[in-house]
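Letters A, B, ... mirror the listed sequences (proteins, then strands); counts begin at 1.
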Protein chains: 2
Amino acid sequence: MINKKLPDKTVERLSMYRRALLNYVAAGNHHIFSHELASLLHITPVQVRRDIMLIGYTGTLRQGYDAKELIDIIGKIIDTREGQKVAVVGIGNLGRSIMGYISGKRTKMSIVAAFDNNSDKVDRVYAGIPCYHVDRMVEIIKQEGISIAVISVPGEEAVKVAETLVMAGIKGIFNFSPRPLNVPSHVYLQEYDIITMLEKIAYFVKKI
Amino acid sequence: MINKKLPDKTVERLSMYRRALLNYVAAGNHHIFSHELASLLHITPVQVRRDIMLIGYTGTLRQGYDAKELIDIIGKIIDTREGQKVAVVGIGNLGRSIMGYISGKRTKMSIVAAFDNNSDKVDRVYAGIPCYHVDRMVEIIKQEGISIAVISVPGEEAVKVAETLVMAGIKGIFNFSPRPLNVPSHVYLQEYDIITMLEKIAYFVKKI
DNA sequence: ATAACATTGTTAATGAAATAACATTATCTT
DNA sequence: AAGATAATGTTATTTCATTAACAATGTTAT
């Protein structure tokens, strides 16, 4: 189908389309128009159609899109057949919150390991996920075939953790710490700095 | 100085510049070149210079920028004199994590109230912040003059919470729930969907 | 059967962000 | 004193994302 990389923002929306569509189907619906899907996400219909065009799916003129088919196509784009394994590094509130979000959801991703350097947390189980000491990161990541890691440790530790993750062969890193990371180009890095985003809101609130 | 709105991404970087500069100054430094600041954030020097140009500050040719001055200027842009008050709605792991991030930090923002609908949590204090029942949101927000709210409730409750916040006169909303919100244009909305971002990483990891 | 309509799919235009190119200038070297 | 250097500040270009315009077409109404 499409082997070309999709635009960043389109991929984000595909994930959101899928979730909205799963609800929609669960409510007993079958077909959906671009303007309906758009209104579920509060975006424009044309953006929906454009995204759907990019993934090579086509609807029908008077019925719109078949919701189930669209869900499947999006799954083929985002998921891998076997599912991707995720590790969470840093079992503070944020780490636990992410573990809670995902474990038990019907996504193809699964969190299979947590890491922390606090011995009180090591060898316990959080949201069904075993917690190991960070010293065992490389070992476990290789052994389990984990491809994605979430960094939710304090800033001071983030750089070191990232280096270890890269060394362990991780493919994607989701960094919530406030330290900008530097990773080789074969590792996909997504950073999100909550404080910065709050400060951005503060700025625009001032301007309103 | 500049009364024109700055670009979104520039504001984000300003926040990150400031934090990097605070460390830099704390380490005893005084002046910084664009390429040094850039390397702290892993971005390009030209982007740093452009951002700094946009805020109307200028460095000196052979010394670069005065770190303290730059910190002050950024403060004038982002902060308000009295500081902005923030509420967190939903005291799950994510809510607590955000409260922990901010309370006690040297930012001008302060979290002054938390809300939850779980009576076990109401009337307790988390990270120094009192937790009220969601039914009292409008009252407390008005009384305290809270301008920004973080929504960290489960999806099902998010829409209702947002409506109440808008009604209470909130100016900025930071939505972590997976439900897209719809707010009037005088409210600044920042949404972040953690699952979606993880799925995006999954996609790009596949593509690498 | 024809016209009006509602919807999709696609191309074109616009806007925002990042990058590149380059002009300027204070300092240092010789 | 003249030239080289290393930095800034700014304009121009490119790239990416969104929005607008519109052509194509199956369905419904008359």
Side-chain angles (χ1 to χ4, degrees), chain A residues 1-2 4-17 29-39 41-67 69-70 73 180 185 188-191 196-197 200 203-204 207, chain B residues 1-2 4-17 21 29-67 69-70 73 180 185 188-191 196-197 200 203-204 207:
Chain A
M1 196 206 341
I2 7 100
K4 189 87 187 63
K5 265 194 211 172
L6 295 166
D8 210 85
K9 299 291 176 180
T10 294
V11 176
E12 289 179 20
R13 282 189 297 268
L14 289 178
S15 161
M16 297 193 282
Y17 294 151
N29 302 107
H30 294 94
H31 288 84
I32 191 166
F33 293 122
S34 63
H35 66 263
E36 293 174 311
L37 185 47
S39 86
L41 272 73
H42 304 123
I43 60 176
T44 64
V46 78
Q47 183 137 74
V48 170
R49 290 204 299 276
R50 204 167 201 301
D51 288 334
I52 290 177
M53 182 193 90
L54 289 174
I55 65 178
Y57 180 66
T58 90
T60 58
L61 196 40
R62 210 63 174 205
Q63 293 183 102
Y65 306 99
D66 182 303
E69 278 180 22
L70 196 41
I73 300 264
S185 63
Y188 183 83
L189 174 64
Q190 168 77 42
E191 310 206 82
T196 282
M197 290 303 167
K200 180 171 81 168
Y203 170 81
F204 284 105
K207 288 289 168 186
Chain B
M1 194 208 342
I2 7 99
K4 189 85 188 67
K5 264 194 213 173
L6 295 166
D8 209 88
K9 300 288 177 182
T10 294
V11 176
E12 290 179 19
R13 281 188 299 266
L14 288 178
S15 161
M16 297 194 281
Y17 295 151
L21 288 168
N29 303 105
H30 293 94
H31 288 83
I32 190 165
F33 294 122
S34 62
H35 65 264
E36 293 174 312
L37 186 46
S39 86
L40 292 174
L41 272 74
H42 304 123
I43 60 177
T44 65
V46 81
Q47 183 136 73
V48 170
R49 291 204 299 276
R50 204 166 201 300
D51 288 333
I52 290 177
M53 182 194 89
L54 289 174
I55 66 178
Y57 180 67
T58 90
T60 58
L61 197 42
R62 211 60 173 203
Q63 294 183 101
Y65 306 99
D66 181 302
E69 279 179 20
L70 196 41
I73 301 264
S185 64
Y188 183 84
L189 174 64
Q190 168 78 42
E191 310 205 81
T196 282
M197 290 303 166
K200 180 171 83 170
Y203 171 81
F204 283 105
K207 287 289 167 186

Counting Watson-Crick and G-U wobble pairs with both distances under 3.5 Å, what is the dot-bracket string for DNA chain D, 5' to 3', using [ ] for crossing pairs and | for pairs to another strand?
||||||||||||||||||||||||||||||
Between A/L41 and A/V48, is there a side-chain heavy-atom distance shorter than 4.5 Å?
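No, side chains not in contact.
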Do A/I52 and A/Y65 have side chains that get closer than 4.5 Å, going by heavy atoms?
yes
Rounding to an integer number of Å, can you tell me how far [X] [atom1] sits from [N] [atom2]?
X: B/D51; N: C/dA18; atom1: CG; atom2: P; result: 8 Å
X: A/Q63; N: C/dG9; atom1: CD; atom2: P; result: 13 Å
X: A/H31; N: C/dT7; atom1: NE2; atom2: C1'; result: 14 Å
X: B/E36; N: D/dT8; atom1: CD; atom2: C1'; result: 14 Å
X: A/Y57; N: C/dT10; atom1: OH; atom2: P; result: 14 Å
X: B/Q47; N: D/dT10; atom1: CD; atom2: P; result: 17 Å
X: B/M53; N: D/dA7; atom1: CE; atom2: P; result: 20 Å
X: A/E12; N: D/dC16; atom1: CD; atom2: P; result: 15 Å

Do the side chain of A/R50 and the base of D/dT18 come within less than 3.5 angstrom through a donor-acceptor pair of N or O atoms?
no
At under 4.0 Å between heavy atoms, what does A/T10 touch on the DNA or RNA strands: base, sugar-phosphate, or nothing?
nothing
Out of [options], whichever nucleotide has its closest atom nearest the side chain of [X]:
X: B/D8; options: C/dA17, C/dA26, D/dT18; result: C/dA17
X: B/T44; options: D/dA7, C/dT19, D/dG26; result: C/dT19
X: B/Y65; options: D/dG9, C/dT10, C/dT19; result: D/dG9

Determine whether A/I55 and A/L70 satisfy the following criterion, side-chain contact (heavy atoms from CB on, under 4.5 Å), listing intermediate values before the conclusion.
CA-CA 10 Å; A/I55 65 178; A/L70 196 41; 4.1 Å; yes
If we check ring pair (Phe, Tyr, Trp, His ring centres under 6.0 Å) with A/F33, which of these qualifies: A/H31, A/H35, A/H30?
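Among A/H31, A/H35, A/H30, the one meeting ring pair (Phe, Tyr, Trp, His ring centres under 6.0 Å) with A/F33 is A/H35.
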Would A/Y188 and B/K200 count as a side-chain contact (heavy atoms from CB on, under 4.5 Å) here? Give the steps.
CA-CA 10 Å; A/Y188 183 83; B/K200 180 171 83 170; 3.5 Å; yes
Heavy-atom donor-acceptor pair, B/Y203 side chain to A/L6 backbone, under 3.5 Å:
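Side chain of B/Y203 to backbone of A/L6: a pair is present.
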For C/dA18, does either OP1 or OP2 sit under 4.0 Å from a side-chain N or O belonging to B/R13?
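Yes, such a contact exists.
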Nearest nucleotide by nearest heavy atom, which residue falls closer to the 5' end of DNA chain C, A/T58 or A/R62?
A/R62
Which comes earlier along DNA chain D counting from the 5' end, the contact point of A/K9 or that of A/V46, where each point is its nearest nucleotide?
A/K9
